[in-house]
Undergrad: 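Input: one structure, supplied below.
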Amino acid sequence: QFQLIQSGGGLVQSGGSLRLSCAASGRTLSTANMAWFRQAPGKDRGLVAQSTWRTGSTYDTTYAESVKGRFTIIRDNGKNAVYLQMNNLKPEDTAVYYCNARGGALPGGSYWGQGTQVTVSS
């Protein structure tokens, strides 16, 4: 059964860094469209970063305006994993973060990780 397993997250002070991981087994993520979303209390889940497969090992990446220049979505096809490197974290980045995979070699539909809490203290 295909699953996305997340790790990382935790509590960090403002200005600090964290790296979130999203790994899979059973199907390759190398041709899937991968994304990170986040949901803060009382708010809708929103897109943070996206890596869209184009061809071979070429991907297009996009970011929410609020995280541009601070967050980076990284793919490691050798480990069948995707990461979200978060630098210069701010209290407003506090949320539950989810990875998402769809398309490529994956069976139809959209797949979600279990979510991981990121808390940034001021």
Undergrad: Drop me the distance from Q13's CD to S122's OG, to the nearest 0.5 angstrom.
TA: 9.5 Å
Undergrad: Check whether V96 and L11 end up in the same hydrophobic cluster, where Ile, Leu, Val, Met, Phe, Trp and Tyr are linked by side-chain heavy atoms less than 4.5 Å apart.
TA: no
Undergrad: Going by the rule side chain to side chain donor-acceptor pair (under 3.5 Å), which residues pair with T72 if we only count those two or more places apart in sequence or in a different chain?
TA: none
Undergrad: Show your reasoning for whether side chain to side chain contact (heavy atoms under 4.5 Å, CB included) applies to N100 and R45.
TA: CA-CA 12 Å; N100 176 268; R45 189 174 299 187; over 6 Å; no
Undergrad: Got a sec, which residues hit ring-ring contact (aromatic ring centres under 6.0 Å, His included) with F71, two or more places apart in sequence or on another chain?
TA: none
Undergrad: Do you know which two heavy atoms are closest between F2 and S25, and how far apart they sit?
TA: CD1-O, 3.6 Å
Undergrad: Treat each ILVMFWY residue as a node, draw an edge where side-chain heavy atoms are under 4.5 Å apart, and state whether Y111 and M34 are in one component.
TA: yes
Undergrad: I'd like to know if the side chain of Q114 and the backbone of Q6 have a donor-acceptor N/O pair within less than 3.5 Å.
TA: yes
Undergrad: Give, for atom OG of S17 and atom CG of N88, the distance between the pair rounded to the nearest 0.5 Å.
TA: 8.0 Å
Undergrad: For residues L18 and G10, report the shortest heavy-atom separation together with the two atoms involved.
TA: CD1-O, 4.0 Å
Undergrad: Within a strict 4.5 Å, meaning less than it, do heavy atoms of the D44 and F37 side chains meet?
TA: no
Undergrad: Any sub-3.5 Å donor-acceptor pair from T116's side-chain atoms to G8's backbone N or O?
TA: yes
Undergrad: Is there a donor-acceptor pair closer than 3.5 Å between any side-chain N or O of N33 and the backbone N or O of W53?
TA: yes
Undergrad: Considering non-hydrogen atoms only, spot the tightest contact between Q117 and A95 and give its length.
TA: NE2-O, 3.4 Å
Undergrad: Taking the side chain as every heavy atom from C-beta outward, state whether M86 and V120 have any atom pair closer than 4.5 Å.
TA: no
Undergrad: Heavy-atom distance under 4.5 Å between the side chains of R27 and P107, does that happen here?
TA: yes
Undergrad: Please check if V118 and V48 belong to a single hydrophobic cluster, counting links between Ile, Leu, Val, Met, Phe, Trp and Tyr side chain heavy atoms closer than 4.5 Å.
TA: yes
Undergrad: Just verifying a value: how many Å separate T52 OG1 and R102 CZ, rounded to the nearest 0.5 Å?
TA: 6.5 Å
Undergrad: Measure the CD-OH distance between Q39 and Y97 for me, rounded to the nearest 0.5 Å.
TA: 12.0 Å
Undergrad: Report the hydrophobic cluster partners of I5, with the cluster defined as I, L, V, M, F, W, Y residues connected by side-chain heavy atoms closer than 4.5 angstrom, directly or transitively.
TA: none
Undergrad: How long is the gap from OG on S51 to CG on L84, to the nearest 0.5 Å?
TA: 11.5 Å
Undergrad: Between N80 and A23, is there a donor-acceptor pair closer than 3.5 Å when you use the side chain of the first and the backbone of the second?
TA: no
Undergrad: Do the side chains of V82 and W36 get nearer than 4.5 Å, heavy atoms only?
TA: yes
Undergrad: Are L4 and L29 packed together at the side-chain level, in the sense that at least one heavy-atom pair is separated by less than 4.5 angstrom?
TA: yes
Undergrad: Minimum heavy-atom separation for L106 and A101, please, with both atom names.
TA: CD1-CB, 3.6 Å
Undergrad: Which pair of heavy atoms, one from Y98 and one from G113, lies closest together, and at what distance?
TA: CD2-O, 3.8 Å
Undergrad: Determine whether a donor-acceptor pair (N or O, by modelled atom type, separation under 3.5 Å) exists between the side chain of Y59 and the backbone of I74.
TA: no
Undergrad: For the residue pair L20 and C99, establish whether any side-chain heavy-atom pair is separated by less than 4.5 Å.
TA: no
